[in-house]
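Below is one structure; the comments refer to it alone.
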Amino acid sequence: MSLSNIFNVAGSGMNAQSIRLNTTASNIANAEASSASADTTYRGRHPVFASVQAAMLNGGNALYSEDQSAVGVRVDGIVESQAPLQPRYEPESPNADEDGYVYYPNINVVEEMTNMISASRSFQVNVEVMNSAKQMVQRVLTLGQ
């Protein structure tokens, strides 16, 4: 495996975790956003990741491939959670429907904070991988002196 592949894999992981952090922050920011109808209520969003292994699936070895995009993580998209919304009986709220219910997002803030910590740690691990690879390159360059 070439060192450039290591940088590509770690970089794609950092990009994926950055997107995960952004969607988690968006979910936390909208956790208490109420609405008068279930159709207009914010729903939690989550990124969908896929590992890129096209050459390996075709019988090749992606780790030694010349295609620099052959390995890593790809964000396939961001999906909305299908968990049920949280209707609350609040007839005095300006967002209440005709029955007095206000709809809140299907977001568990504790779960989102756990996701945020996990994404942050994953990002940090990818940074450490890049730093280790950089140190290895620097040491290899000093061997020739």
Side-chain angles (χ1 to χ4, degrees), residues 1-90 93-97 101-145:
M1 173 185 274
S2 72
L3 287 175
S4 63
N5 278 349
I6 293 172
F7 289 116
N8 288 338
V9 171
S12 70
M14 290 170 60
N15 181 49
Q17 296 307 323
S18 177
I19 291 171
R20 183 176 171 201
L21 280 168
N22 285 337
T23 56
T24 301
S26 177
N27 288 343
I28 292 172
N30 289 296
E32 292 299 318
S34 63
S35 179
S37 74
D39 295 334
T40 59
T41 304
Y42 180 86
R43 294 179 183 272
R45 292 172 172 83
H46 305 284
V48 177
F49 301 131
S51 60
V52 180
Q53 303 176 18
M56 294 179 89
L57 293 175
N58 294 329
N61 190 342
L63 295 178
Y64 298 100
S65 172
E66 294 300 319
D67 182 11
Q68 296 297 313
S69 64
V71 293
V73 179
R74 177 182 69 231
V75 179
D76 277 347
I78 297 175
V79 296
E80 286 187 346
S81 174
Q82 297 303 314
L85 298 175
Q86 301 173 12
R88 297 181 195 162
Y89 185 69
E90 297 176 356
S93 172
N95 286 337
D97 64 5
Y101 285 96
V102 177
Y103 295 91
Y104 286 89
N106 52 358
I107 297 170
N108 181 343
V109 177
V110 174
E111 187 177 306
E112 294 298 324
M113 287 301 296
T114 304
N115 283 337
M116 185 173 278
I117 291 169
S118 174
S120 176
R121 298 278 164 85
S122 296
F123 188 91
Q124 289 172 352
V125 167
N126 283 306
V127 169
E128 288 301 318
V129 166
M130 290 187 106
N131 285 335
S132 296
K134 183 180 92 176
Q135 288 175 355
M136 283 190 281
V137 168
Q138 289 173 338
R139 287 184 184 157
V140 166
L141 292 174
T142 60
L143 286 177
Q145 294 179 353

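By convention here, the first residue in the shown sequence is residue 1.
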What's the shortest heavy-atom distance between [X] and [Y], and which atoms?
| X | Y | result |
| --- | --- | --- |
| V75 | A16 | CG2-CA, 4.1 Å |
| P105 | T41 | N-CG2, 3.7 Å |
| R20 | P47 | CA-CG, 3.8 Å |

Legend entry - Sub-4.5 Å side-chain heavy-atom contact between Q138 and K134: yes

Backbone of [Y] reached by a side-chain donor or acceptor of [X] within 3.5 Å:
| X | Y | value |
| --- | --- | --- |
| S120 | M116 | no |
| T23 | I19 | yes |
| S26 | N22 | no |

Legend entry - Pairing residues for Y101 by the ring pair (Phe, Tyr, Trp, His ring centres under 6.0 Å) criterion, not counting sequence neighbours: Y89

Legend entry - Positive for side chain to side chain contact (heavy atoms under 4.5 Å, CB included) with N27, one of N106, I107, V109: I107

Legend entry - R88, CZ: over 12 other non-hydrogen atoms inside 6.0 angstrom: yes

Legend entry - Single hit among N95, T40, D97 for side-chain hydrogen bond (donor to acceptor under 3.5 Å, both in side chains) with S35: T40

Legend entry - Pairs involving residues 14-50, ordered by first then second residue, that meet ring pair (Phe, Tyr, Trp, His ring centres under 6.0 Å) (sequence neighbours left out): none

Inset, instruction - Establish, from distance only, whether the side-chain atoms of T24 and N115 form a donor-acceptor pair under 3.5 Å. - result: no

